[in-house]
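Here is the structure we will look at.
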Amino acid sequence: MSAYRISDAARLLGVSDDTVRRWVDQGVLSTTGRTPVEIPGADLAAKAVELARVPGDPTDVLSSARNRFTGLVTRVQVDGVMAQVDIQSGPHRVVSLMSAEAVRELNLKPGSLAVAVVKATTVIVETPRD
């Protein structure tokens, strides 16, 4: 059975050591009972899945794509007919190369809510309807 020290668990979950300690004290995360404190791998994995839930997909579309990243546009760089759009979705930065026309049609600007749909090496960006 894998087990992780508090500092390793915090790094894997993307939170502070103090947050993991609080979760242990509150009974949110169990421990192995060993010293120094260790979190069982299965419990840590369950917490990681729980934390990975992102805000609901605002696009209201049915899609076969499973790799969808809801986040905020952090940068839009337009150069002629092409553009680069950066989206921050939790700890993930997703970059899409698309036409400048698509950027204008989607009204993509820093701070815009967007969903990046990743399929193989293609990143598709969708926005909610206004």
Side-chain angles (χ1 to χ4, degrees):
M1 173 176 79
S2 297
Y4 299 88
R5 294 176 74 157
I6 292 216
S7 60
D8 294 329
R11 183 178 45 77
L12 290 166
L13 294 175
V15 299
S16 70
D17 293 9
D18 287 338
T19 297
V20 173
R21 284 188 194 92
R22 276 194 302 277
W23 286 340
V24 167
D25 291 344
Q26 295 166 355
V28 173
L29 283 174
S30 64
T31 66
T32 62
R34 296 188 201 124
T35 303
V37 175
E38 291 181 334
I39 313 297
D43 290 357
L44 191 63
K47 187 65 174 174
V49 169
E50 176 187 329
L51 291 175
R53 294 199 167 100
V54 294
D57 187 338
T59 57
D60 193 32
V61 296
L62 296 175
S63 176
S64 64
R66 295 295 176 245
N67 298 317
R68 303 173 69 83
F69 297 88
T70 301
L72 294 172
V73 174
T74 58
R75 186 172 84 147
V76 177
Q77 186 175 352
V78 178
D79 183 20
V81 297
M82 293 304 295
Q84 176 180 323
V85 177
D86 293 23
I87 297 172
Q88 192 67 41
S89 176
H92 307 288
R93 174 178 170 250
V94 183
V95 177
S96 177
L97 301 176
M98 66 178 69
S99 70
E101 179 182 16
V103 167
R104 287 189 296 275
E105 285 178 4
L106 293 171
N107 196 27
L108 294 173
K109 296 177 179 144
S112 299
L113 179 64
V115 178
V117 180
V118 179
K119 185 81 172 173
T121 58
T122 303
V123 177
I124 301 162
V125 176
E126 301 170 340
T127 60
R129 293 189 177 132
D130 291 327

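Below, all heavy atoms of this structure are taken into account, side chains as well, without hydrogens, waters or symmetry copies. One is the number of the first residue; the rest follow in order along the sequence. In this text the structure is predicted, and so the values were computed from the model without any measurement.
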Which heavy atom in Ala10 sits nearest to a heavy atom in Asp17, and how many Å separate them? CB-OD1, 3.3 Å

Is there any ring pair (Phe, Tyr, Trp, His ring centres under 6.0 Å) pair reaching into residues 7-38, and which pairs are they, with sequence neighbours excluded? none

In sequence, state the C-alpha distance, the side-chain angles, and the governing distance for Asp86 and Gln84, and then conclude on side chain to side chain donor-acceptor pair (under 3.5 Å). CA-CA 7 Å; Asp86 293 23; Gln84 176 180 323; 3.0 Å; yes

Distance check, rounded to the nearest 0.5 Å: Arg5 atom CZ versus Glu38 atom CD? 7.5 Å

Residues passing the salt bridge (charged side-chain N to carboxylate O under 4.0 Å, His left out) test with Arg22, sequence neighbours excluded, are none

Which heavy atom in Ile87 sits nearest to a heavy atom in Ala116, and how many Å separate them? CD1-CB, 4.0 Å

What's the spacing between Leu44 CG and Leu13 CG if we round to 0.5 Å? 4.5 Å

Within the structure provided, determine whether Ile39 and Thr31 are in side-chain contact (heavy-atom separation under 4.5 Å). yes

I'd like to know if the side chain of Ser89 and the backbone of His92 have a donor-acceptor N/O pair within less than 3.5 Å. no

What I want to find out is whether Arg104 reaches Glu101 closely enough, with some N-O distance under 4.0 Å, to be called a salt bridge. no

Mind checking the CE-CD spacing from Met98 to Glu105? Nearest 0.5 Å is all I need. 11.0 Å

Nearest heavy-atom pair of Val76 and Leu108: which atoms, and what distance? CG2-O, 3.6 Å

Please determine whether residues Ile6 and Val28 belong to a single hydrophobic cluster, defined as Ile, Leu, Val, Met, Phe, Trp and Tyr linked transitively by side-chain heavy-atom distances below 4.5 Å. yes

Side-chain heavy-atom pair Leu12, Tyr4 within 4.5 angstrom cut-off: yes

Residues two or more places apart in sequence or in another chain: which of them pass salt bridge (charged side-chain N to carboxylate O under 4.0 Å, His left out) with Arg21? Asp18

